[in-house]
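Order of the sequence lines fixes the chain letters, A, B, ..., with proteins taken first and strands second; residue numbering starts at 1 for each chain.
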Amino acid sequence: MRAAVTEIVRSALDKAVREGALKAGRLPDVIIERPKKEGFGDFSTNAAMLLAPLEKRPPRDIAAVIAAGIAEDPLVEKCEVAGPGFINIFLKNSFHLSMLGSILKKAERFGTTDAGRGRRVQIEFVSANPTGPLHIGHGRGAAVGDSLANILKAAGFDVTREYYINDAGRQVYTLGESVRLRIKEIETGEPVEFPADFYKGEYVKEIARDYLDKYNAPGRAGATPTFQEFACSAMLDRIEKDLKDFRIEFDVWYSEKSLEEKGLVNDTIEELRKRGCIYESEGALWFKSTEFGDDKDRVLIKADGERTYFASDIAYHREKVKKGFTTLVNVWGADHHGYEGRIRALLKALGHDDSALKIIFIQLVALMRNGAPVPMGKREGEFVTLRQVMDEVGVDACRFFFLMRRSDAHLDFDLELAKSQAPENPVYYVQYCHARIRSIISFAAEKGVKIPDEFDPRLLERLDQKEETGIIKHLGSFEEVVERAALNMEPHRVAFYLTELAGLFHPYYNRNRVVTDDAELTIARLLLCKAVGTVAANGLRLLGVTAPEKM
RNA sequence: GCGCCUGUAGCUCAGUAGGAUAGAGCAACUGCCUUCUAAGCAGUAGGCCGCUGGUUCGAGCCCAGCCAGGCGCGCCA
């Protein structure tokens with residue numbers, strides 16, 4: 001929609017240059033915006049103000065020339081110069097009506113564009129350590145990552161979802177040992193003393209019991225996995241199940257352990273060494289990351305010969321780059337922002353442009369109940385799990401709430417609000433918009449009114465109320481919203497868009513009867529309703545939220 | 001101390017690439033409505049966009065400095 005208007009303005013500028021009304025100098029990029037005020041038209045441009053210094057003429061004079069050209073376009077109702085030199089463009093209602101027609105035609109495809117031109121994007125998210133269940137913070141990252149992947153796909157990118165499994169190193173070892181102690185506890189019936197850094201959650205006991213059921217059964221023979229292997233894989237199963245129930249599936253589960261097994265960690269260190277980015281000091285092996293903008297150099301191999309976590313991370317990111325993605329997205333908890341510098345340093349050290357890397361930081365979630373914070377014991381593994389929250393409020397509300405705010409802003413998640421079937425709950429407000437439309441359509445069907453697949457476009461001219469035009473205009477901006485959400489990697493824009501759409505539709509419904517004795521008007525309004533329902537469903541799908549038929 | 005994020009209406013938050021008189025929802029106040037499903041309507045009120053300076057035709061947005069809150073600054077993962 002905006003593209004069409006951009007074209008109109010551009011050709012008016014070209015024409016002015018051709019006719020000598022403007023100098024043929026460099027024309028600035030045409031910026032088209034949607035004015036906040038209705039009186040400023042459907043679109044406006046500040047092109048004249050940008051040209052003023054180059055033309056050395058008052059912006060309003062230039063605006064008048066351009067506006068005259070724009071006004072000649074058949075799609076344009078009128079074109080005015082306003083304020084310091086804005087050009088306000090008012091489109092003919094027929095333009096909006098044809099927009100509605102094209103939305104109905106595109107149906108579930110409406111909202112998809114080819115802005116990404118098939119460029120490959122990898123988005124790595126969640127990547128929680130398999131040492132405990134997913135908590136509420138992981139949930140937010142999961143919702144953001146998954147929805148962003150949907151949005152990028154809709155905007156024409158080729159998206160791969162990836163989960164990096166930290167199945168090597170100290171933490172999973174400790175998990176295995178924790179399970180071993182619990183098993184001992186069960187077998188001996190005596191309480192066992194647990195070291196401070198061991199995992200003490202209930203899930204460890206469950207895994208211990210599972211292990212005993214499976215491998216200590218009488219008459220069992222054959223190979224027995226290590227506690228570590230068993231515990232890690234059991235934890236991953238749980239995580240995968242939680243995610244699946246949260247409607248998230250990954251294309252790739254990438255194992256940290258496999259990096260080591262394939263010798264990729266060594267390869268990466270060797271490559272860095274060849275590039276002169278490695279040195280030894282105090283018995284440890286260092287990556288000279290400060291040469292590439294990091295705060296301090298980083299240890300890869302400790303004096304005791306152990307690798308650091310970062311050593312596998314450099315190998316992992318080297319593999320990502322080798323796969324040929326044009327964009328790498330990492331969704332991290334805000335507590336990881338200190339890692340950005342070293343990863344960027346690595347990419348630069350390997351000779352790559354680090355601007356391909358985009359890191360999205362997810363701020364913490366504060367759970368609230370009726371406006372008061374829910375106390376979250378951080379110690380002893382007593383955190384609120386994603387499972388608890390999605391079981392309590394439902395997946396739809398949970399996902400929507402995670403996506404209602406910018407990722408880098410703190411989120412107050414009110415459990416009671418999320419559950420309530422009340423207008424102040426934005427999830428129900430939006431979903432109900434869809435359900436209500438389905439209900440209207442089936443009511444019409446009962447009355448024998450069917451929505452035709454093909455119709456005379458002139459029928460839509462009955463949609464002549466300002467409110468109706470307003471809804472159509474909002475529908476028309478959906479593609480731009482998806483595109484912007486994709487390019488800026490801000491899924492919350494879609495959630496806001498949907499809340500606004502519902503906020504336009506509900507009042508319209510309240511004031512206007514759709515199914516009436518006026519057959520033409522009924523069809524026209526049904527078509528409008530259908531379009532709203534389609535866009536609501538398309539938007540909700542991007543968020544991973546269902547669009548119910550009934551509520 | 002250094003780095004990152006945040007600071008916008010009573011509350012929770014939007015604010016498009018620097019544009020015009022800064023918006024929404026909730027809460028509050030006034031008056032209505034009860035429907036194709038109740039999640040509504042009309043109106044009112046509410047603001048030093050953390051503070052100070054700068055950049056320019058124009059700043060909530062960009063720059064510098066301060067203030068406040070959160071997070072991070074290991075040969076931890």
### Query
Does B:A22 have a Watson-Crick or wobble mate here (both distances under 3.5 Å), and if so which one?
none
### Task
Round to the nearest Å and state the distance from A:Ile269 atom CD1 to B:C75 atom P.
16 Å
### Message
Any base atoms under 4.0 Å from A:Asn88, or only sugar-phosphate, or nothing? Heavy atoms, all strands.
### Response
base
### Task
With P as the reference atom in both, quote the distance from B:C49 to B:G10 in angstrom, rounded to an integer.
12 Å
### Message
Does the plane of the ring in A:Trp286 sit parallel, tilted or perpendicular to the ring in A:Tyr279? Use 30° and 60° as the thresholds.
### Response
parallel
### Task
Drop me the distance from A:Asp412's CG to A:Met404's CE, to the nearest 0.5 angstrom.
9.5 Å
### Query
In whole Å, what is the span from the CG atom of A:Asp295 to the C1' atom of B:G74?
14 Å
### Query
So does A:His492 get a side-chain nitrogen or oxygen closer than 4.0 Å to the phosphate oxygens (OP1/OP2) of B:G15?
yes
### Message
How many whole angstroms separate atom NE2 of A:His410 from atom P of B:C11?
### Response
16 Å
### Nearest-angstrom distance from the residue atom CZ of A:Arg525 to P of B:U35
19 Å
### Query
In whole angstrom, what separates A:Leu527's CG from B:C36's P?
21 Å
### Query
Ring of A:Phe496 versus six-membered ring of B:A24: centres under 5.5 Å and planes under 30°?
no
### Message
Classify A:Glu306 by what it touches in the nucleic acid, base, sugar-phosphate, or nothing, heavy-atom distance under 4.0 Å.
### Response
nothing
### Message
Any strand counts, and the cut-off is 3.5 Å on both contacts for Watson-Crick or G-U wobble. Which nucleotide pairs with B:C76?
### Response
none
### Query
A:Tyr309 near the nucleic acid: base, sugar-phosphate alone, or nothing, with a heavy-atom cut-off under 4.0 Å?
base
### Task
Would you mind pulling out the nucleotide paired to B:C71, Watson-Crick or G-U wobble, both distances under 3.5 Å?
B:G3
### Query
For B:C62, which nucleotide in any strand shown is its Watson-Crick or wobble partner with both distances under 3.5 Å?
B:G54
### Query
To the nearest Å, how far apart are A:Glu280 CD and B:C75 P?
16 Å
#### Entry: Touch class at under 4.0 angstrom, heavy-atom based, for A:Phe310 against every strand present
nothing
### Query
Does the B:A20 base have a donor-acceptor partner in the side chain of A:Ser44 within less than 3.5 Å?
yes
### Same-atom distance (P) from B:U37 to B:G46, integer angstrom
40 Å
### Message
In whole Å, measure the gap between the C1' atoms of B:A14 and B:G58 for me.
### Response
23 Å
### Query
Considering only heavy atoms and no angle criterion, is a donor-acceptor pair shorter than 3.5 Å present between the side chain of A:His336 and the base of B:G72?
no
### Task
Give a yes-or-no answer on whether the side chains of A:Asn46 and A:Glu33 include a donor-acceptor pair shorter than 3.5 Å.
no
### Task
Have a look at A:Lys447 and say if it touches a base, only the backbone sugar-phosphate, or nothing, with a 4.0 Å heavy-atom cut-off.
nothing
### Message
Say we look at B:G60 and B:C48: how far apart would their C1' atoms be, to the nearest angstrom?
### Response
13 Å
### Side chain of A:Arg405 (C-beta onward), nearest among B:C36, B:U12, B:G19
B:U12
### Message
Can a donor-acceptor pair be found, under 3.5 Å and without considering hydrogens, that links the side chain of A:Asn425 to the backbone of A:Ala418?
### Response
yes
### Query
Taking the nucleotide of RNA chain B with the closest heavy atom to each, which residue, A:Glu500 or A:Asp335, is nearer the 5' end?
A:Glu500
### Query
If only atom types and distance count, is the side chain of A:Tyr199 paired as donor or acceptor with the main-chain N or O of A:Val179 below 3.5 Å?
no
### Task
Please state the P separation for the pair B:G25 and B:U21 - nearest whole angstrom.
23 Å
### Task
Compare side-chain N and O positions of A:Arg511 against OP1 and OP2 of B:A42 and report whether any pair is under 4.0 Å apart.
yes
### Message
By the 4.0 Å heavy-atom rule, please label A:Ala485 as base, sugar-phosphate, or nothing.
### Response
nothing
### Query
Less than 6.0 Å separating the ring centroids of A:Phe40 and A:Phe86?
no
### Query
Can you tell me how far C1' of B:C76 sits from NZ of A:Lys302, to the nearest Å?
7 Å
### Query
How would you label the contact of A:Ala82 with the nucleic acid (heavy atoms, under 4.0 Å): base, sugar-phosphate, or nothing?
base
### Query
So which one's nearest nucleotide on RNA chain B is more toward 5', A:Val514 or A:Trp286?
A:Val514
### Task
Look at all strands and tell whether A:Asn488 reaches a base, only sugar-phosphate, or nothing, counting heavy atoms closer than 4.0 Å.
sugar-phosphate
### Query
B:C41 and B:A24: how far apart are their P atoms, nearest whole angstrom?
13 Å
### Message
With hydrogens left out and only the distance checked, is there a donor-acceptor pair under 3.5 Å joining A:His337's side chain and the base of B:C71?
### Response
yes
### Message
B:U37, OP1 or OP2 - any side-chain N/O from A:Ser439 closer than 4.0 Å?
### Response
yes
### Message
Let's test your reading of the model: under 3.5 Å, does the base of B:A42 pair with the side chain of A:Asn510 as donor and acceptor?
### Response
no
### Task
For A:Ala334, answer base if it contacts any base atom (sugar-phosphate contacts may also be present), sugar-phosphate if it contacts only those atoms, and nothing otherwise; contact means non-hydrogen atoms under 4.0 Å.
sugar-phosphate
### Query
When you check the gap from the basic side-chain N to the acidic O, do A:Glu162 and A:Lys320 get nearer than 4.0 Å?
no
### Query
Contact class for A:Asn129 vs. all strands (heavy atom < 4.0 Å): base, sugar-phosphate, or nothing?
sugar-phosphate
### Message
Any carboxylate oxygen within less than 4.0 angstrom of a Lys/Arg side-chain nitrogen, looking at A:Glu306 and A:Arg170?
### Response
no
### Task
Would you indicate what A:Asp294 reaches in the nucleic acid, counting non-hydrogen atoms under 4.0 angstrom: base, sugar-phosphate, or nothing?
nothing
### Query
Touch check for A:Ala52, heavy atoms < 4.0 angstrom, all strands: base, sugar-phosphate only, or nothing?
nothing
### Query
Any salt bridge between A:Glu260 and A:Lys257, counting N to O under 4.0 Å?
no
### Message
Check whether A:Phe194 forms a cation-pi arrangement with A:Lys200 (NZ or CZ under 6.0 Å from the six-membered ring centre, at most 45° off the ring normal).
### Response
no
### Summary
A:Asn330 atom CG is separated from B:C4 atom P, nearest whole Å, by 19 Å
### Query
So does A:Arg406 get a side-chain nitrogen or oxygen closer than 4.0 Å to the phosphate oxygens (OP1/OP2) of B:G15?
yes
## Note on the structure
For B:C36, the nucleotide meeting Watson-Crick or G-U wobble distances (both under 3.5 Å) is none
### Query
Can you tell me how far C1' in B:A9 sits from the matching atom in B:A45, rounded to whole Å?
10 Å
### Message
Going by purine N1 to pyrimidine N3 plus the second Watson-Crick contact, or the G-U wobble pair, all under 3.5 Å, which nucleotide sits opposite B:U44?
### Response
B:A28
### Task
Determine the Euclidean distance between corresponding P atoms of B:U56 and B:C63; express it in Å to zero decimal places.
16 Å
### Task
Using a heavy-atom cut-off of under 4.0 Å over every strand shown, decide if A:Thr131 touches base, sugar-phosphate, or nothing.
nothing
### Task
May I ask you to say what A:Arg513 touches in the nucleic acid, namely base, sugar-phosphate or nothing, with a heavy-atom cut-off under 4.0 Å?
base
